[in-house]
Amino acid sequence: SDAGSQKERVVTEEEWLQKWEMGNIGFHKEQGHPLLQKYLDVLLNGRSGLRIFFPLCGKAVEMKWLADMGHSVVGVEVSEQAVREFFSDHSLPYCEEPVPEISGAKMFQSTSGDISLYCCSIYDLSSSIVGKFDGVWDRGALVAVNPCDRQRYASLMINLVEKNSSYLLVTVSYDPNKHKGPPFYVPESEIKSLFG
């Protein structure tokens, strides 16, 4: 269960942007993820009106689904194309504005105010900019983060969640010597050491 050849692998921001430009987005799901539907009660834990964070959100359809249930959704995505496609796919009107604390970053917000998507590197975010969250839906973020950045990613996520938050994490299990990633293989033992 060793990370094999993946440990040193680095996917650049430019490569992610290129995936969106080329439409090479096999990771995007047109239908809501069955695991979110299955474990929705765990995420919500009987609570309503939650602030839910989508790290590396792409144009995940679940963001609209949760907003329609009355939750406030915040996502971060490096591809402006993905963010714009999210709003156009759902015919959602939105406005965009710069994020003063982050050079070059933009925040796209639905006019209803319940969906806010930050277009920047996730590592530029902090709780002073986006606040804290009651729940996280990490469907493809931890497994997309470069292995050398996992500790930094986990520390940020821990910093962004409230004490009683719920964190749903999806990983993939396979032989890391047969696939270079992403998605990267993250063994359960590493998840435990990252998140405690």
Side-chain angles (χ1 to χ4, degrees), residues 6 9-33 35-36 39 43 51-67 71-87 89-90 99 102 104-109 115-127 129-161 165-172 179-186 190-191 194-195:
Q6 289 187 351
R9 176 124 159 87
V10 171
V11 182
T12 64
E13 200 169 283
E14 287 67 35
E15 287 175 83
W16 284 111
L17 294 173
Q18 207 170 22
K19 285 178 190 288
W20 281 99
E21 280 162 31
M22 304 297 291
N24 180 13
I25 54 169
F27 46 81
H28 174 69
K29 293 199 179 319
E30 293 296 338
Q31 306 301 318
H33 199 291
L35 287 173
L36 179 58
Y39 293 102
L43 182 65
R51 292 191 82 232
I52 300 174
F53 187 53
F54 279 66
L56 313 189
C57 62
K59 57 177 187 173
V61 297
E62 298 92 338
M63 295 189 289
K64 177 153 188 335
W65 187 57
L66 285 164
H71 303 290
S72 174
V73 171
V74 175
V76 62
E77 169 57 49
V78 76
S79 167
E80 186 170 322
Q81 179 183 338
V83 172
R84 291 186 186 280
E85 283 180 18
F86 169 79
F87 288 105
D89 288 356
H90 297 285
V99 181
I102 306 170
K106 294 179 185 172
M107 195 262 283
F108 295 77
Q109 188 171 53
I115 301 174
S116 305
L117 304 183
Y118 287 80
C119 185
C120 60
S121 163
I122 190 167
Y123 303 114
D124 289 334
L125 291 184
S126 65
S127 57
I129 298 169
V130 293
K132 297 243 185 192
F133 298 96
D134 307 301
V136 175
W137 171 236
D138 184 336
R139 194 280 289 182
L142 180 64
V143 296
V145 165
N146 291 321
C148 61
D149 292 328
R150 276 185 200 147
Q151 187 62 61
R152 181 183 182 196
Y153 173 82
S155 299
L156 172 65
M157 297 308 291
I158 290 165
N159 184 261
L160 290 179
V161 295
S165 64
S166 306
Y167 195 117
L168 289 189
L169 172 67
V170 179
T171 61
V172 283
H179 177 64
K180 64 181 185 173
F184 295 110
Y185 171 66
V186 187
E190 187 168 355
I191 293 166
L194 287 171
F195 291 98

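Just so it is clear, the structure is predicted and the values come from calculations on it, not from any experiment.
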Below 4.0 angstrom, N of the basic side chain to O of the carboxylate: do Glu15 and Lys19 qualify? no
For Tyr167, I'd like to know if atom OH has over 12 heavy atoms of other residues, nucleotides or ligands within 6.0 Å. yes
Going through the distances and angles, do Cys57 and Leu117 end up as a side-chain contact (heavy atoms from CB on, under 4.5 Å)? CA-CA 8 Å; Cys57 62; Leu117 304 183; 4.2 Å; yes
So, does Glu77 use its side chain to make a donor-acceptor pair with the main chain of Cys119 at under 3.5 Å? no
Distance in Å, Arg84 CZ paired with Trp20 CH2, rounded so as to fall on 0.5 Å steps: 14.0 Å
Between Val172 and Val143, the two heavy atoms sitting closest are N-CG1, 4.2 Å
Under the criterion side-chain contact (heavy atoms from CB on, under 4.5 Å), I'd like the reasoning laid out for Leu35 against Leu168: C-alpha separation, chi angles, the key distance, then a yes or no. CA-CA 9 Å; Leu35 287 173; Leu168 289 189; over 6 Å; no
Which heavy atom of Arg150 sits nearest to which heavy atom of Leu142, and what is that distance? CG-CD1, 4.0 Å
Let's go through Leu36 and Trp65 carefully: what are the C-alpha distance in whole Å and the side-chain angles of both, what is the deciding distance for side-chain contact (heavy atoms from CB on, under 4.5 Å) to 0.1 Å, and is it a yes or a no? CA-CA 11 Å; Leu36 179 58; Trp65 187 57; 3.8 Å; yes
CZ of Arg9 to CZ of Phe184: how many Å apart, nearest 0.5 Å? 5.0 Å
Scan side-chain atoms only and decide if Gln81 and Glu85 contain a donor-acceptor pair under the 3.5 Å cut-off. yes
Please determine whether side-chain contact (heavy atoms from CB on, under 4.5 Å) holds for the pair Leu17 and Glu80, giving the CA-CA distance in whole Å, both sets of side-chain angles, and the decisive distance to 0.1 Å. CA-CA 9 Å; Leu17 294 173; Glu80 186 170 322; over 6 Å; no
Return the OG1 to CG distance between Thr12 and Asn146, rounded to the nearest 0.5 Å. 8.5 Å
What is the distance from atom CZ of Phe108 to atom OG of Ser116, rounded to the nearest 0.5 Å? 12.0 Å
Quick one: closest heavy-atom pair of Ser127 and Asn159, and the distance? OG-OD1, 3.3 Å
Mind checking whether Val136 and Ile52 have side chains closer than 4.5 Å, heavy atoms only? no
The reported gap from CD in Glu21 to CH2 in Trp16 (rounded to nearest 0.5 angstrom) is 14.0 Å
Please name all residues satisfying side-chain contact (heavy atoms from CB on, under 4.5 Å) with Ser72, sequence neighbours left out, ordered by chain then number. Arg51
Between atom CD1 of Ile102 and atom SG of Cys120, what is the distance when rounded to the nearest 0.5 Å? 4.0 Å
Met157 versus Ile122, closest heavy-atom pair with distance: SD-CD1, 4.3 Å
Taking only residues two or more places apart in sequence, or in another chain, which ones meet Tyr123 in a side-chain contact (heavy atoms from CB on, under 4.5 Å)? Ser121, Val145, Asp149, Arg152, Tyr153
Exceeds 12 heavy-atom contacts within 6.0 angstrom, atom CD of Gln31: no
In terms of ring plane angle, is the pair Trp137 and His33 parallel, tilted or perpendicular, where the classes change at 30° and 60°? perpendicular
Are the side chain of Ser155 and the backbone of Gln151 linked by a donor-acceptor contact shorter than 3.5 Å? yes
Nearest heavy-atom contact between Leu56 and Ala144 is CD1-CB, 4.2 Å
Tell me every residue that passes side-chain contact (heavy atoms from CB on, under 4.5 Å) with Lys64, counting only those two or more places apart in sequence or in another chain. Asp68, Phe86, His90, Leu92
Does Gln6 use its side chain to pair, donor to acceptor, with the backbone of His179 at less than 3.5 Å? yes
